[in-house]
Amino acid sequence: MTCSVINQVAFSIKDLQISYGKEKVIKGIALDIQEKEVTAIIGPSGCGKSTFLKTLNRMIDTVPSSRVTGSICYRGQDIYAASTNVVALRHNVGMVFQKPNPFPKSIFDNIAFGPRLQGVRDKQKLKQIVESSLKRTALWDEVKDRLNSSAFSLSGGQQQRLCIARALAVEPDVILMDEPCSALDPIATAKIEDLIEELRKQYTIIIVTHNMQQAARVSQKTAFFLTGNVIEFGETAKIFTKPKEKKTEDYITGRFG
Amino acid sequence: MTCSVINQVAFSIKDLQISYGKEKVIKGIALDIQEKEVTAIIGPSGCGKSTFLKTLNRMIDTVPSSRVTGSICYRGQDIYAASTNVVALRHNVGMVFQKPNPFPKSIFDNIAFGPRLQGVRDKQKLKQIVESSLKRTALWDEVKDRLNSSAFSLSGGQQQRLCIARALAVEPDVILMDEPCSALDPIATAKIEDLIEELRKQYTIIIVTHNMQQAARVSQKTAFFLTGNVIEFGETAKIFTKPKEKKTEDYITGRFG
Amino acid sequence: MNQTGSDNKYNLTLGAKSQKWHEKAVLGGLTLNGLFAVVVVVAVFGFLLQKGLPALQEIGLKEFLTSSRWMPTSPNPGYGALSMIVGTLMVSVAALVVAVPWGVGTAMFLAEVAPGKIREFIKPTLEILAGIPSVVIGFIALVVVAPWVARTFGLSNGLTALTGALMLGVMALPTIVSISEDAFKAVPNEYRDAALALGATRWQTMIRVTFPAARSGIIAAIMLGFGRAVGETMTVLMATGNSLALPMQEFWGIKIPNYLASIRTLTATIAIEGLDVPWGSLHYRSLFVLGAMLFVLTFVINFVADIVLNKAQGGE
Amino acid sequence: MVKPEQLRNGKKLHISEMLGYGILLLFALSSVAVLVYFIGSIASRGLSSISWTFLTEVPRVGMTEGGIMPAIVGTIYVSLLTLAVSVPLGVGSAIYINEFSSQGLFNRIIRLSIRNIAGVPSIVFGLFGLGLFVAGMKLGQSLLAAAFTLGLMTYPVIVTTAEEALKAVPQSFRDGALALGATRWQAVRHQVLPAAIPGMATGAILGLGRAAGETAPILLTGAAYFLPRLPQGVTDQFMALPYHLFILATQHNQISVVRPLAYGTALVLLALVLLLNGAAIAIRLYYRKSKQW
Amino acid sequence: MEVRRSFHEELQQLIAQLLMMGDMVEQSIAKSIRALKEQNLELARQVVEEDDAIDALELEIEAKCLELIARQQPMAKDLRKIATALKIITDLERIADHACNIAEACLKIGKEPLIKPLVDIPRMAELARGMLKKALDSYANNDVQLAYEVCRADDEVDSLHNQVFRELLTYMMQDPKNIQQATSLLFISSYLERIGDYTTNLAEWLIYMVTGERKKLND
Amino acid sequence: MEVRRSFHEELQQLIAQLLMMGDMVEQSIAKSIRALKEQNLELARQVVEEDDAIDALELEIEAKCLELIARQQPMAKDLRKIATALKIITDLERIADHACNIAEACLKIGKEPLIKPLVDIPRMAELARGMLKKALDSYANNDVQLAYEVCRADDEVDSLHNQVFRELLTYMMQDPKNIQQATSLLFISSYLERIGDYTTNLAEWLIYMVTGERKKLND
């Protein structure tokens, strides 16, 4: 399938199917994800939402039995095309994981890792990148005096913000977040949510969350997944006050099946 | 300190202080916990809520450096008195943990474990206990045909309900729950919450949760802990609509410090 | 991200080729490296077979397994390995009798009972025990244990199956302790908490919950201990006297192993005769048959232990 | 539900449980006692033989006098040479099976092979080394033949510890690096390996200790009964402590005369091996404590 | 399969309570008009007294709504139901107030003979009661069609009110003695007209509850 | 330290919008009374026209409230603020409606000379406006004291209304020609009285917002 550039659309997904071995996890979905918005993906366990997220930066390639068909166009380019450089894709499409996963290095080196991979060697430049990334995640004031301490000296919430800063340091366009708060307490969660709100001015964010309320709070668009299909996709405010589909309504209000 | 039996009060806690080594985790709290109610304990990470819960059935004894002073009266008896039989206490005060922790045994043997400890050997009797425990956790219909399969063949939510059933099988009076849903998805969580609502007709339930909304949903009383103190304790509906203390209000609405 | 509108922004095809080549080269090298293990196993076994098979054809498997006459250098050579096989099994089984209760008990103590300080003392101690070279253990058998056995049982010579078994038991101990302790440790704390919270005592928790949950790991530990005992060379070489006679005695008309007799194991035979034997002779080749037997025996033991251990790890 | 009053029924620890705990304690203490006894009996009688001469001179007068210097040096040579063979191979294999092919039949075969190599009796390796390196490849009995043989033997130790070290590195480090646009090799090279190095070092030292203490393989592949000089090259025969001990203990024609020397040799060997193992344990404890993930 | 059962039960109870309140309000209208027609002062006083019960019920339902929002984080239809309840109880309470006002007007008129036979006012009352009844049915059954009918019926009430107004003005001009009673009747008519308005408002909320769309229909 | 900043900002915006609506409503009252006093029909028409904007704003705030409840799961004070907003916009809108009714009455009276100099009615209007102003200040500053004052002021409005009522009845009886205009004025007075009631209602909600206690004060 060919991709064309659509204005203000970061990802255009058509007819996407994903299987693990013989099990079909995503059964043909289509979505257009707008840039500079937070798109939340909700749905019960096993609906395929995390799998879907992982295809967007091809982290699903690390699952040996996975098979992806259909087309995912990122800014007009098919990310599953043979000519696609996965590394370049992942520079553009960053990812934040369920559990904070800083490297066992200093705070500075954690953030500098990405730029160094891209060949940035200049100390001054690196410093600048580290500082601006930390500032953008509101972590600078908390850690500026101990950039050389281990990243593990931070609290869970700070670690997760560090991971976000690390993702920002490679100057991505899109940030994928896979239940980024599920390992955090409510206060740390609230801070991450505030951060997401801040970041969406500059980045396109796609967040998978199994917490409906979180989706309601942070996102502009929400997609409701059920057993590998997208049941409803639209404005978050609409989805949570007057969903179009009965299945969405039933899921949101706890009546389903 | 002496304890006296107070009607309809399961636990009467006075002047409770708990330390781990030199660090004081609970700094002198007093609470009366009513029977046949759900009492929720909320507060930010590190406020001592889990520690507090663990003292109620003396599971805190397994933490070597812990030290408990003050009095916890269970039905009029000081559970930290020298004459207290911890085993008998734990028969009366069951516990459900954060992660579902069934034994690597069959569903039947999981539930029969407690009664067998108490010396129940009669097959018929055990069967009866297993059945009634499973029915009380609404799990009977889901598992009655495979009581001999491994408990690990169940889903996470079912496992947690199995653990609750296992706790019920020893006929406790109080059930302690330590963030029982934090490892579960929203649907499994909702089922556990429904179950808690069901159980409180017969049992006294104390639940620690870091999810305020959950506390609001399931409990009749809520205690708000902050840095080892009880800031406010009262009717849940009041706590979440018009808390008396500013600190509670600030925590609940996300303005604190 | 560069300036908006720059050509490189969002481009996904940059630098694809060179990176792929680099990765492929690294992967190729590592794959060859991984293959090395397989090559070694096949080479060892192949080599043993290549040298041993002709001897086996010439002598016959039956003689190896059923005769106890091992006289390769005699003008009327005999190649019966029965007494060596019996000796090997005797010392190994007896070693387990010593080491299993001792090792599993110690492991249970370490994992379930011992306070932190004591555990931190005993664990490294056992690791040090595991590190003592077998030749040193053999030496101790020679100078300490054998005289004691001789005194105790009124023997003229203390180099017996019993001496060897005791030493092998000590040697298998760290293996059994370490793997069983791992098995106990692998039992999640959640199980213990659950049992305690249901009103079980610590002992009940240990016996009814932890031990069953660790069972397959313990079985694997025992098998690996057995494998180690079977394959041990220097200790038995130095401790058992290396007599070729079949170590059996009549007891009320039933033949039972005689642990107070001197025995010789398969491994000891190879060690004793390997140096002096003329390369290429039938005797030389017959040693490879013994080697192949050991190889197959330990292979089977390890294979089964591996399956058991995998099951233990995959069970949850 | 037990009646609340029965809480007071302060049943103390059951007698049979006390007995059980007692037996377990006995088991644990006896294992320590054995070690202490072993080391004590060697040390108490070996210490008197240790002297500067003993450590620095070559054996003389049919090994009834002089020292064991060639055996010490030979052991060190062969052990280091062994590591030079096994560490690159072992670490490489570990990286391959853990990082690049963690599933599938091929991987299982490799793992099984490694387990199997670990289980092969050392004397069988000796036999193999004798047949292949000494006789087959015509290396003769030499440092090189012995090192190759020991290298194969320690290879599974290295692979296993290296793999454990790699496994202990959380998957999230790899995912984190990949998601930042690292290639798989970059992820391994920059995030996984650095985190695994302490574990690998532990394994290497353990392998060194094992090589130093091993007797049976070098018996057949390169150790000399008596050689009052140092090996000049890798194709020379060499003396080694374990083999020397074996000879002094069982093969010498004046066993009672050389017994003190045997004790001395045993002590030196024991000290060397325990030092290495102790170092490995210390490194592991240190890194386990400072490990942050 | 359904989860959050206790919440849904509480929601059902809330709805039941609200319908009960609606019923009481409807009764108030009916009684006040009957009191007017029959000049039954006893009944009128009863209406005034019963208003307290309605007020109390309003506060109870209101508290329940707020508690449910705080404790249950309702969304979608559940939220719309609760929000609707929260809003329409005020309308119901005001309708009841107006019924009360009518009863008070009755008391003011007392036993003095009516200046004209009451036809249009009872008719208005009947219409308004019908509207309220329909609205409550609509609430109970999520029936958006009934809600639209309520809005349409309001036009008729309005035109009746205009008619009554003009008529009463005529009566007043004819004879100043009529003025006192006519004014009372004038206010009664205007109360009924307002009841119609409130009911229309209520119907608008019901439409929102079912469809999620908020529209103003009484302009 | 504060989290959920964007939610709190949205809440602030909501409050600002509500205050703006309050301001518009206050203006409406002022303008309608000025139109009456000055018999300025132009102004009266303006009031009627401007009502649409208020209605629109009400719907906007209402939607915002519901969205905030659905999306932000507000609790405690935040919830009380939103619930209060959701409730009082209806009162504000109805006050505006009454201002509109007054303006319509003005238009009805037209340019015909007033039957009596308007003193009490503008005074009532002034009082009602003052009450509303206080209520809005109370909302802006979480000032429960001001809210209680609002409730007290309502008594004065009520007694003025009674006075005006009696006075107008007298005028009507004196001369049937006065009846038409007097009725209009009567209704205007009753509108103002209702505005006072609504404002009292509003103040009750403000007390709830600040203290969490719901009390009925206008009985």
Side-chain angles (χ1 to χ4, degrees), chain B residues 37-40 42 137-139 141-142 155-158 160-161 180-181 184-201 205 207 209 211-222 224 232 234-244 248-249 251-254, chain E residues 1-21 52-94 139 142 205 208-209 212:
Chain B
E37 269 191 357
V38 180
T39 301
I42 61 167
T137 55
L139 205 58
D141 288 331
E142 293 166 47
S155 73
Q158 287 175 320
Q160 193 63 299
R161 280 186 285 153
C181 304
L184 305 179
D185 68 62
I187 294 173
T189 298
K191 282 188 191 165
I192 300 279
E193 289 177 4
D194 282 2
L195 178 56
I196 291 172
E197 173 71 22
E198 213 36 59
L199 291 175
R200 79 168 163 104
K201 292 167 191 158
I205 295 173
I207 177 172
T209 169
N211 181 336
M212 273 187 318
Q213 276 110 359
Q214 180 168 68
R217 286 193 294 264
V218 302
S219 70
Q220 281 70 55
K221 294 271 169 62
T222 297
F224 171 52
E232 189 166 352
E235 301 279 340
T236 299
K238 281 238 163 124
I239 296 268
F240 289 103
T241 54
K242 42 179 174 175
K244 279 203 283 294
T248 317
E249 179 112 44
Y251 178 71
I252 287 173
T253 60
Chain E
M1 193 182 42
E2 183 191 349
V3 290
R4 310 195 65 184
R5 272 183 306 238
S6 75
F7 166 48
H8 296 151
E9 266 164 37
E10 283 185 86
L11 202 54
Q12 283 310 319
Q13 279 168 23
L14 180 79
I15 291 171
Q17 260 186 321
L18 194 133
L19 289 174
M20 189 172 93
M21 181 177 170
D52 287 349
I54 293 174
D55 284 359
L57 196 53
E58 184 207 0
L59 280 182
E60 198 182 321
I61 294 173
E62 186 184 283
K64 193 78 205 156
C65 288
L66 291 170
E67 190 193 317
L68 283 178
I69 292 174
R71 292 186 60 182
Q72 301 288 353
Q73 303 90 42
M75 282 179 168
K77 191 168 245 169
D78 292 344
L79 173 60
R80 298 204 306 269
K81 276 200 177 134
I82 296 174
T84 301
L86 186 61
K87 290 296 277 191
I88 67 179
I89 46 173
T90 311
D91 289 328
L92 285 175
E93 191 265 346
R94 285 190 183 146
Y139 184 70
N142 292 318
W205 273 99
Y208 166 76
M209 182 179 86

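Proteins get letters first, then strands, A, B, ... in listed order; numbering begins at 1 in each.
- At a 4.5 Å heavy-atom cutoff, B:T189 makes no contact with chain E through either its backbone or its side chain.
- Of residues 6-16 of chain E, those residues with a non-hydrogen atom less than 4.5 Å from any non-hydrogen atom of chain B are, in numerical order, E:S6.
- Among residues 73-91 of chain E, the residues having any heavy atom closer than 4.5 Å to a heavy atom of chain B are, in sequence order, E:Q73.
- Taking both residues in full, the closest heavy atoms of B:I187 and E:V3 are given as O-CG1, 4.2 Å, listed atom of the first, atom of the second, then distance.
- Contacts between residues 61-71 of chain E and chain B, defined by a heavy-atom separation under 4.5 Å, are made by E:L66, E:E67, E:A70, E:R71.
- Contacts of B:E193 with chain E are absent, with no heavy-atom separation under 4.5 Å from either backbone or side chain.
- Residues satisfying the side-chain hydrogen bond (donor to acceptor under 3.5 Å, both in side chains) test with B:D185, not counting sequence neighbours, are A:S45.
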Check your understanding: Should E:R5 and B:E197 be marked as a side chain to side chain contact (heavy atoms under 4.5 Å, CB included) after you check the CA-CA gap, both sets of side-chain angles, and the distance that decides it?
Key -> CA-CA 9 Å; E:R5 272 183 306 238; B:E197 173 71 22; over 6 Å; no

